[in-house]
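Reviewing the structure listed below.
The basis for the numbers below is simple: all heavy atoms, side chains too, and nothing from hydrogens, waters or symmetry mates. Proteins come first, then strands; the chains are lettered A, B, ... in the order of their sequence lines, and each starts at number 1.
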Amino acid sequence: MFTSRIFITFGFFGSLFFLQEIVFNQIHFLIGGFSIFLAVTMTWIAMESRNGALISGFIAGFFLDLSPNIDSPFGQWTLVLTSMAYLVSVNREGLGDLASRPLTLSLIVGGAVTLTLIAYLIASVILGEQLISFFSVLQKLTGNFIWTLILAPLYMPLTSKFHQFTRSSREI
Amino acid sequence: MAPRGNSRSRLLLVILLVTALFLITLDLRGVSLISSTRLATQTVLSPIQGFTSRLFAPIGNFFSDVSHLGRSGNEIEALQKENEALKAKLVLQKDLKGKLTQLKSVLNLAGEAQYKIVSARVIARGSATSFSQTITIDAGSSSGIARDMTVMSGAGLVGAVKSVTANSAVILLMSDPTFRIGVRVAGSQVMGILSGTGSRNFELELLDATETIKIGDVLLARGSDGGKPFVPGIPVGLVINVDSASGQLTKHARVSSYAKLTSLGIVSVVISETGGDPRDGLVPPKPMATPTPTVTITVTPTPSPSA
C-alpha cells in the first residue's frame, strides 16, 4: 500500500468517524442502533487485499477508539477491527470479486458487523468490563445486523465507488 | 511452504496486533496522553454536535417513536389521543415545547430540593459501536460542571458526569451496567443498591434481607460524601416487582426509573446542594385517579290523579 493510499484511507475513515459521531449518533435507530462506521468499514475491508484490509482495519479501529462515548480501554477497537479485518480478508478471498455480487457482499458485511460486535464483547469480558444483559446484547446485535442490510443499497455503492477511485494506487 | 505474500501479511498482522495491545496496556496503566486523546476528540466534536443536534432534532427520535407504537393497545390509544391534542395545538412548536416542559419540570424539582443546577441540551446519544450507555450535553467545565456530578431530569435521576471538556460533558446513564447507586425507600428508609442492567428496568439489592419492600415503593438517592457523585433525596425509581424467592442471602427487586432515558432533551447537572438533605420531600406525587361522576336517582311516586 502506497503512503498516499494510507493517507487517503486515513482521511476516509476520519471523515466517516465524524459522520458517525456528528450525524448518526443524533438519530435514535429502532431496536439496537446502526453504526455506519462499522458497516462502511466492513464493506471497505471486504473489497481490499489482505494487507490493505489489515491496515484499513487498524486505522478504522484507531478512529473508533477516539470516540468519547466509548468506555473501553484505548486500543480495544483497534485490536478487534485489525483481527476482524484479517478474518474477513482471508475468508472473502475464496469468493472472488464481490463488487459484482451486491447481495453476497451485503450478507458478508452484515455478518462481519455482527461478528465484530461479538468480538468486541469477548474482548470486553477478557478485559474485565461489565456487560449489559443478554437481551440487550441480542437486541443490539440484531438491530445492527438488520439496519446494516436495510441501508446497504445506500452506503455500499458509494463506498464501492470511492474504493475504486483509490485503487489507482499500487498495492504492497 | 506458505507463499511469500501470506507470511508478509501474517507479520503485518502480528505487528498491528502488538501495537493495539501496547495501546491497551498504556491506557490501562493510566498514561495521560492516551486518556486525554478522547477528551480532545470530545472538545472538537461537541460544538459541531451542538449544531447538528438542532438540525436533526425533528427526526432524531423518529425511529424510536415508531417502536413505541407496538407496546400495548392502551398505550397506543392514549398516545393517539395525546397526539391528536398535540397536533391541534402544537404543530409548529412541538419540539420546542417538549424541551421547555422538560426544563420547567427539572427546574421545579431542583427548586424544591434547593439544588444549584446547570441545565443543558442533549446533543448526542451514546454510540452504536459501544455497549455503554451515555449521552453528551452542550455544557461543560466553563459552566461549572465537573466529573462525578449528579445529572437529573424533571422526573428524577438520569446519571452522573463521566467526563468533561470546556463546553461539553459525557453523562453515564443510570441504565449502564456499570452504574451503581445507593438508594433508600421513601418512608421505611430501607437501604439498598440499585444497578443498571442495560435495559429499561433496574436491579435493586437490599442491604438487609430481613427488610420488606413492596411494589410501588419509591426509591430515593441516599447521597454520597460531599454530594458527589450523588446528591441525597433525588427520586430514582419505583419498585415494579419483588423477587420473593426464599433461601437467598439478599433480597432483590426490579425497578423502573422515573426519568425516561430514551427521550431526554434537556437535563440538569447539580452543581451544589444548598438546602441539605430534602429527606422524602421530593417523592413524586402518586397519579390521581380520575373521579367517576356518581348520579343518584331517587324514585318518587307520582301522585295519582284520583287522590
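Proximity to chain B (any heavy atom under 4.5 Å) is shown, for A:Phe74, by both the backbone and the side chain. If you measure heavy-atom distances from B:Leu39 to chain A, you find no contacts under 4.5 Å at all. Heavy atoms closer than 4.5 Å to chain A are found in both the backbone and the side chain of B:Leu13. Contact of A:Thr78 with chain B is made through backbone and side chain together, with heavy-atom distances under 4.5 Å. Neither the backbone nor the side chain of A:Ile36 comes within contact range of chain B; no heavy atoms are under 4.5 Å apart. If you measure heavy-atom distances from A:Leu64 to chain B, the contacts under 4.5 Å come from the side chain alone.
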Evaluate side-chain hydrogen bond (donor to acceptor under 3.5 Å, both in side chains) for A:Ser56 paired with A:Trp44, printing each intermediate quantity in order. CA-CA 8 Å; A:Ser56 301; A:Trp44 185 275; 3.2 Å; yes
Under the side-chain contact (heavy atoms from CB on, under 4.5 Å) criterion, do A:Leu105 and A:Met156 qualify, and how do the steps go? CA-CA 9 Å; A:Leu105 182 61; A:Met156 226 166 240; 3.9 Å; yes
A:Tyr155 vs A:Thr148, test: side-chain contact (heavy atoms from CB on, under 4.5 Å). Steps then yes/no. CA-CA 9 Å; A:Tyr155 65 80; A:Thr148 305; 3.0 Å; yes
Just do the side-chain contact (heavy atoms from CB on, under 4.5 Å) check on B:Val255 and B:Leu219 with the steps written out, would you? CA-CA 9 Å; B:Val255 172; B:Leu219 300 178; 3.5 Å; yes
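For the pair B:Lys251 and B:Glu205, the salt-bridge criterion is not met [side-chain N within less than 4.0 Å of a carboxylate O]. Salt-bridge formation is detected for the pair A:Glu48/A:Arg5: a Lys NZ or Arg NE/NH1/NH2 atom is positioned less than 4.0 Å from an Asp or Glu carboxylate oxygen. One finds no salt bridge joining B:Arg254 and B:Asp243 here, because no Lys/Arg side-chain nitrogen approaches an Asp/Glu carboxylate oxygen to under 4.0 Å.
Proximity of a side-chain donor or acceptor of B:Thr25 to a complementary backbone N or O of B:Leu21 within less than 3.5 Å is detected. The main-chain N or O of B:Phe230 is found under 3.5 Å from a side-chain atom of B:Ser224 such that the two form a donor-acceptor pair. B:Ser132 places a side-chain N or O within donor-acceptor distance of the main-chain N or O of A:Asn69, the cut-off being under 3.5 Å.
Contact residues of residues 10-19 of chain A toward chain B are A:Phe17, A:Phe18 (heavy-atom distance under 4.5 Å). Taking non-hydrogen atoms and a 4.5 Å limit, the residue list of residues 79-92 of chain A in contact with chain B, ordered by number, reads A:Leu79, A:Thr82, A:Ser83, A:Tyr86. Residues from residues 136-143 of chain B that place a non-hydrogen atom less than 4.5 Å from a non-hydrogen atom of chain A comprise B:Thr136, given in numerical order.
For the set B:Ser163, B:Gly196, B:Pro177, the count of heavy-atom pairs under 4.5 angstrom toward chain A peaks at B:Pro177. Options A:Val113, A:Asp71, A:Leu127, A:Val23 differ in how many heavy-atom pairs under 4.5 Å they form with chain B, and the most are formed by A:Asp71. No other option in B:Leu45, B:Leu172, B:Thr134 has as many heavy-atom pairs under 4.5 Å with chain A as B:Leu45. If you tally non-hydrogen atom pairs under 4.5 Å between each of A:Phe24, A:Phe62, A:Trp77 and chain B, the highest count goes to A:Trp77.
For the 3.5 Å distance criterion, the side chains of B:Thr178 and B:Asp176 qualify, holding a donor opposite an acceptor. No side-chain donor-acceptor contact under 3.5 Å links A:Ser72 and A:Glu129. A side-chain donor-acceptor contact under 3.5 Å links A:Asn51 and B:Ser9. In summary, the side chains of B:Glu203 and B:Thr197 do not present any donor paired with an acceptor at a separation below 3.5 Å, with no hydrogens or angles considered.
Listed by first and then second residue, the salt bridge (charged side-chain N to carboxylate O under 4.0 Å, His left out) pairs that reach into residues 28-40 of chain B are A:Asp65-B:Arg38, sequence neighbours excluded.
Counted within 6.0 Å of CZ on B:Phe22, heavy atoms from surrounding residues, nucleotides or ligands total 12 or fewer; the atom is thus considered open.
Residues B:Arg147 and B:Pro229 fail the side-chain proximity criterion, which asks for heavy atoms closer than 4.5 Å.
Minimum interatomic distance between A:Thr116 and A:Met42 (heavy atoms only, all atoms of both residues): OG1-CE, 3.1 Å.
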